[in-house]
Amino acid sequence: MNDQTQLLRKLPKIDTVLKSINSDIITGIPIVIIKAAVRETLHAYRQAILAGDDIDIPAGNSAWTAILEAAILKKNSPNLQRILNGSGVVVHTNLGRSLLDRSTLESLQTAATHYTNLEFDLGTGKRGSRYALVEEIICDLTGAEAAIVVNNNAAAVLLALNTLSFNKETIVSRGQLVEIGGSFRIPDVMSRSGASLVEVGATNRTHLFDYENAIGDETALLLKVHTSNFRVIGFTSEVPAVDLAGLAEKHNILTMEDLGSGSLVDLSPWGLPKEPTVQEIVKAGVDVVTFSGDKLLGGPQAGIIVGRKEIVERIKKNPMNRALRIDKFTLASLESVLRKYYDFESVMDSVPTLRLLTLPPEQIRRTGQRILRRLGGIRKNAPLIQLVSTVSKVGGGAMPEHTLDSWALILDCKKHGASWFEKWFRSLPVPLVVRIENEKIVVDLRTILEEDIVDLITVLRSYLEEEKGD
Ligand SMILES: *Cc1c(COP(=O)(O)O)cnc(C)c1O
């Protein structure tokens with residue numbers, strides 16, 4: 001008998017292990033899940049053995065039972081989990097971007113558990129438009145004549161280009177042919193939309209005459225793209241939206257701007273960079289503006305298109321629109337978030353993304369002190385856990401070169417090393433996502449929510465035990 005056969009023989013029989021599993025733990029779990037979890041676990045061991053991997057085979061019944069029970073519980077729990085965001089990145093695409101305020105949950109609940117007037121005009125008793133639920137609000141807030149919302153901003157860009165420039169030319173500056181991430185590249189989206197791309201200018205500088213020289217019989221659109229997650233710095237020049245709009249008007253063509261994040265508030269009074277707001281771009285005379293619902297706006301995933309009425313009407317009628325349509329949950333929560341913007345005084349507090357972006361460092365530091373006190377005080381925990389000033393990021397492709405002053409708990413990982421702990425934190429019942437800097441774990445407290453603190457303390461306690469124990 002060779003080694004492999006010997007190892008394979010150590011694997012228990014499915015029926016035998018099923019009998020030894022603690023029924024208290026698995027009561028109520030569908031038998032399909034239980035059997036599948038056991039089968040998949042044993043299969044993984046078998047594959048590893050056959051592949052010649054260096055693995056430990058559990059010895060004895062109780063070791064097997066523990067492993068299989070864990071596998072069953074894991075298969076029976078939701079795949080989408082709450083996590084603690086210790087990355088400090090406020091609009092983190094991989095962690096779900098923007099958070100909704102609890103007051104928005106009511107709208108979601110209504111949309112989910114009741115029939116609604118989603119596409120039913122209560123005035124006429126006839127079929128209505130789902131876009132009507134938010135159009136007026138978006139117009140009030142942005143100053144635009146009309147608006148439509150779709151699945152996300154990528155869809156908004158695709159749909160607008162397809163409507164306005166199908167089989168026609170769209171002129172774009174070479175400095176704005178960006179890739180946003182998740183394979184969204186302006187040239188690729190343009191070609192899928194049926195618009196043909198005419199590049200003008202140089203990577204760092206594009207002038208009004210570059211656009212003007214490229215305008216011909218086939219030109220439909222001048223497109224401006226927010227460069228989001230990258231910056232060209234130094235000897236640079238971009239054409240302002242207002243000049244582009246003037247040029248387009250002269251030649252009887254249209255302008256479009258993909259704003260990416262698209263904020264409705266100027267965040268510069270809070271120390272963030274001055275970015276043009278959606279209102280400003282609309283005012284500059286750009287015909288169509290697109291932006292995301294879940295970046296700086298702080299709402300659900302959506303793509304918002306605002307612009308001149310007759311253009312938005314054309315976009316609404318595009319058959320492609322049906323495939324990119326926004327769903328009722330998104331609409332319900334988007335309306336709730338947008339309504340918060342009517343009150344400029346309270347919006348910075350009632351939209352979590354804005355609140356987290358503008359948290360004063362002093363407040364973050366006090367949260368850190370509170371956590372340390374709960375762990376027994378600063379002196380008791382030094383040097384294992386220290387409260388240190390750090391910088392966080394906005395994220396979501398917004399303001400890439402800008403950092404926000406913040407405070408972090410730095411965990412000195414002498415015993416196992418930072419990457420061991422980073423991995424371990426990800427495996428906890430409420431996983432914690434962190435940064436590693438200089439071989440230490442950094443838990444940036446800007447993105448730790450008030451309700452996360454109890455769980456974070458539990459994680460830190462187990463870290464301390466792990467680091468102090470032998
Ligand atoms: C983020 C972004 C997009 C894509 O928006 P999604 O809402 O993620 O689909 C498109 N263009 C720009 C400039 C962006 O920043």
Side-chain angles (χ1 to χ4, degrees), residues 89-100 134 138 147-162 164-165 170 172-193 195 197 206 221-232 238 241 244 255-264 267 272-273 275-278 280-281 286 288-307 315 320-321 323-327 329-331 333-334 337-338 353 357 393-402:
V89 182
V90 176
V91 184
H92 197 308
T93 298
N94 303 148
L95 305 184
R97 288 200 184 156
S98 284
L99 310 177
L100 300 178
V134 288
I138 296 172
I148 171 180
V149 282
V150 288
N151 181 58
N152 57 9
N153 188 35
V157 174
L158 180 71
L159 181 64
L161 286 173
N162 179 265
L164 306 176
S165 184
T170 288
V172 191
S173 158
R174 287 202 169 85
Q176 296 170 359
L177 293 173
V178 293
E179 172 177 313
I180 307 298
S183 75
F184 180 92
R185 285 178 169 180
I186 288 295
D188 297 348
V189 173
M190 288 191 67
S191 86
R192 288 287 165 157
S193 75
L197 166 65
T206 303
L221 194 64
L222 305 182
L223 172 65
K224 203 170 174 208
V225 182
H226 194 289
T227 53
S228 290
N229 46 11
F230 103 113
R231 281 286 176 275
V232 190
E238 260 193 6
L244 221 49
T255 42
M256 166 171 159
E257 178 151 358
D258 172 17
L259 259 186
S261 266
S263 182
L264 295 179
L267 294 168
L272 283 103
E275 289 270 349
T277 60
V278 179
E280 283 164 358
I281 298 302
V286 174
V288 197
V289 185
T290 69
F291 55 100
S292 280
D294 55 353
K295 290 184 181 170
L296 289 182
L297 187 74
Q301 178 189 306
I304 303 177
I305 307 175
V306 300
I315 294 174
M320 201 188 249
N321 185 8
L324 307 173
R325 169 166 106 167
I326 187 168
D327 73 287
F329 305 112
T330 309
L331 265 173
S333 49
L334 183 63
V337 174
L338 286 169
T353 297
L357 282 175
K393 292 212 169 120
V394 175
M399 309 171 176
E401 84 287 31
H402 189 78

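Order of appearance sets the numbers: ligands from 1, and atoms from 1 within every ligand. The residues of the chain are indexed from 1 along the displayed sequence.
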Checklist entry - Out of Gly260, Ser228, Gly262, Ser292, whose heavy atom sits nearest atom 6 (P) of ligand 1? => result Ser292
Next on the checklist: On a heavy-atom basis, which atom in Val286 and which in Val289 lie closest, and how many Å separate them?
Outcome noted: CG1-CG2, 4.0 Å
Next on the checklist: Please give me the minimum heavy-atom distance between Leu100 and Pro300, naming the atom from each residue.
Outcome noted: CD2-N, 4.0 Å
Item to check | Sequence-distant partners of Glu238, side-chain hydrogen bond (donor to acceptor under 3.5 Å, both in side chains), two or more places apart | outcome: Gln176
Next on the checklist: At less than 4.0 angstrom from any non-hydrogen atom of Arg97, what atoms of ligand 1 do you find?
Outcome noted: 6 (P), 7 (O), 8 (O)
Item to check | From Lys295, Arg185, Gln301 - option closest to atom 14 (C) of ligand 1 by heavy atom | outcome: Lys295
Item to check | ligand 1 contacted by Gln176 (non-hydrogen, < 4.0 Å) | outcome: no
Checklist outcome for this item: If you scan protein heavy atoms around atom 9 (O) of ligand 1, the nearest is Ala154 N, 2.9 Å
Checklist entry - Considering only protein heavy atoms, which is closest to atom 3 (C) of ligand 1, and at what distance to one decimal place? => result Asn153 ND2, 3.4 Å
Item to check | Close-contact set for ligand 1 against His226 heavy atoms, below 4.0 Å | outcome: 13 (C)
Checklist entry - N/O of Ser261 under 3.5 Å from N/O of ligand 1, yes or no? => result no
Item to check | Residues which pass side-chain contact (heavy atoms from CB on, under 4.5 Å) with Arg174, listed by chain and number, not counting sequence neighbours | outcome: Glu199
Item to check | Residue pair Ile304, Val134: steps toward the side-chain contact (heavy atoms from CB on, under 4.5 Å) verdict | outcome: CA-CA 10 Å; Ile304 303 177; Val134 288; over 6 Å; no
Checklist entry - Checking side-chain contact (heavy atoms from CB on, under 4.5 Å) for the pair Leu177/Leu197: CA distance, chi angles, key distance, verdict? => result CA-CA 10 Å; Leu177 293 173; Leu197 166 65; 3.8 Å; yes
Checklist entry - Is the closest heavy-atom distance from Ile180 to ligand 1 below 4.0 Å? => result yes
Item to check | Side chain proximity check, Asp188 to Glu179, heavy atoms < 4.5 angstrom | outcome: no
Item to check | Taking atom 11 (N) of ligand 1 as the reference point, the nearest protein heavy atom with its distance | outcome: Asp258 OD2, 2.6 Å
